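Structure first, then comments.
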2 protein chains.
Amino acid sequence: MTDGSAGTGKPPAMYRKVAADLGREIGEGRYGSGGRLPAEGELAERYGVSRGTVRQAMALLRTEGLIASRRGTRRVVIGSPRPQSFGELLSFTRWARSTGEEPGGRTVTVETRPADPTERDQLHLPAGAEIYEVRRLRTLSGRPVMIERTVYPSTVGELIAELPPDTVSHTVALEDAGVLIADAQHTIDLCRADEEDARLLGCRPGDPLLRERRCSTDPAGTPVEWSEDRYLPETVAFTVHSSAASGSLARRPADDA
Amino acid sequence: MTDGSAGTGKPPAMYRKVAADLGREIGEGRYGSGGRLPAEGELAERYGVSRGTVRQAMALLRTEGLIASRRGTRRVVIGSPRPQSFGELLSFTRWARSTGEEPGGRTVTVETRPADPTERDQLHLPAGAEIYEVRRLRTLSGRPVMIERTVYPSTVGELIAELPPDTVSHTVALEDAGVLIADAQHTIDLCRADEEDARLLGCRPGDPLLRERRCSTDPAGTPVEWSEDRYLPETVAFTVHSSAASGSLARRPADDA
DNA sequence: TAGTGGTCTAGACCACGGC
DNA sequence: CCGTGGTCTAGACCACTAA
């Protein structure tokens, strides 16, 4: 992944190429930390594109936290590129591989049942709709690190239920079946291990776990999965960039679902 | 704050007005959850602006996680507006007030000392530079919820050190002094309470805490603060939106600073 | 004052979704 | 097929920074 259009087979848009180029140069330290980027006009000439296209590229770099930008002066470098794509954020398997670890997954249970009110709300399902609930233990190089409880609407769940039990990446399997994920809403907090968590993760009931709850939607805005991942401490951290220009991180009281 | 240009006195840009309008309408349920927005052309006509301006507004709503967007069909609603501005994310005081709680802050220690290597790296300081370290206990309605350890470069630290000891919001005080924050990089994980944490928060050493580490920069890209906040469990959660189009959230191994 | 990014316009062509 | 958003152009004016 160097321009955000991985695997689609389409020729990437020009602004993505420009952004990928500059991102790489920033990563190589070409401008230094805190250094100034070339002016918009200069980049437009260098790449033979209009100023608007350069500005689209800059907007990308900005939301990725690489540069800061204000009227009157050139843009400056404020961060380094994260080699992590959106796919690596959503797929434990892809993330683990990108860090050089060997990911594993063991399905614990698969069941279908009526959605509870929270699930209906998250997945936009009508009263009485059936869902698939899948529980899996995720490992890094054989060591248990996370337990994943995912709820799928039945259309997606049927695909998951047919997968071989040793399928490492459900996310990749869904992609191959044409189920793409375009957006996700995450909530990160702390919870306590229950009996099942403790048994599978090898800790004691009540031990603290880092919890990520996530609702993912496809490009049409249809909810695809509602997942709760519980990590052993010392295994992962989450990083976010936020800026006054856009901002997608928020703090909130720790009660509701 | 309804258009992201709070307190600047400048007339907000047109695209911010359009985005704020649509965001409000989405919040009021005008289009329903999963509903379709008006077409770009229709909005351009309605507001008397060009298509480019409408697209700028849509890009804002998209990074805020309110809408999904793809070629061929109208944009659809996928989320609700978070009433939280960037300022409320950075300022515990503002955040607390926006939730209806009464925030408090008690400064525990203020000291100056040479920056250690991690601090020099985060704040872009040369070897031997002095920093100010401030520790504060933050409360909600008198109840301790968080301990905050913030390191400032000396230029900023001098301002902080002169504040009255009962100043509730250091962030607001900095803004009044002309020190603005434009970008921040956050890392969220779990840590254990040390002796000082336990004494101040009223828990036991070793108890789990939700930790947010943050490096903030001003509009020029200059680091302004490097802070580590430790929250008691059950007090806060963090929410993030991520999308394939931009993406600023990442998972990472939980070792380094 | 000269250089720079922020905002906005008016138009073009294309790729995709759904009828 | 038509309606839609994605990409790109070529220009304009303004607000701000720094020399």
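Quick note: numbers below take in every heavy atom, side chains included, and nothing from hydrogens, waters or symmetry partners. Lettering follows sequence order; numbering is per chain, from 1. This structure is a prediction, so every number in the text was calculated from the model and none was measured.
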Among residues at least two apart in sequence or on other chains, which ones pass ring pair (Phe, Tyr, Trp, His ring centres under 6.0 Å) with A/Tyr152? none
Nearest-Å distance, CD (A/Glu45) to P (D/dG11)? 14 Å
A/Leu180 CG - C/dC16 C1' separation (whole Å): 14 Å
Tell me, please, which residues at least two apart from B/Arg70 pass salt bridge (charged side-chain N to carboxylate O under 4.0 Å, His left out). none
Using salt bridge (charged side-chain N to carboxylate O under 4.0 Å, His left out) as the criterion, list what pairs up with B/Asp229, not counting sequence neighbours. B/Arg214
Salt bridge (Lys or Arg N to Asp or Glu O under 4.0 Å): pairs with one or both residues in residues 115-126 of chain B, sequence neighbours excluded: B/Arg113-B/Glu119
With sequence neighbours excluded, what pairs up with B/Glu45 under the salt bridge (charged side-chain N to carboxylate O under 4.0 Å, His left out) test? none
Nucleotide by nucleotide, nucleotides 3-10 of chain C touches protein heavy atoms under 4.0 Å in the pattern (B base, S sugar-phosphate only, - none) BBBBBSB-
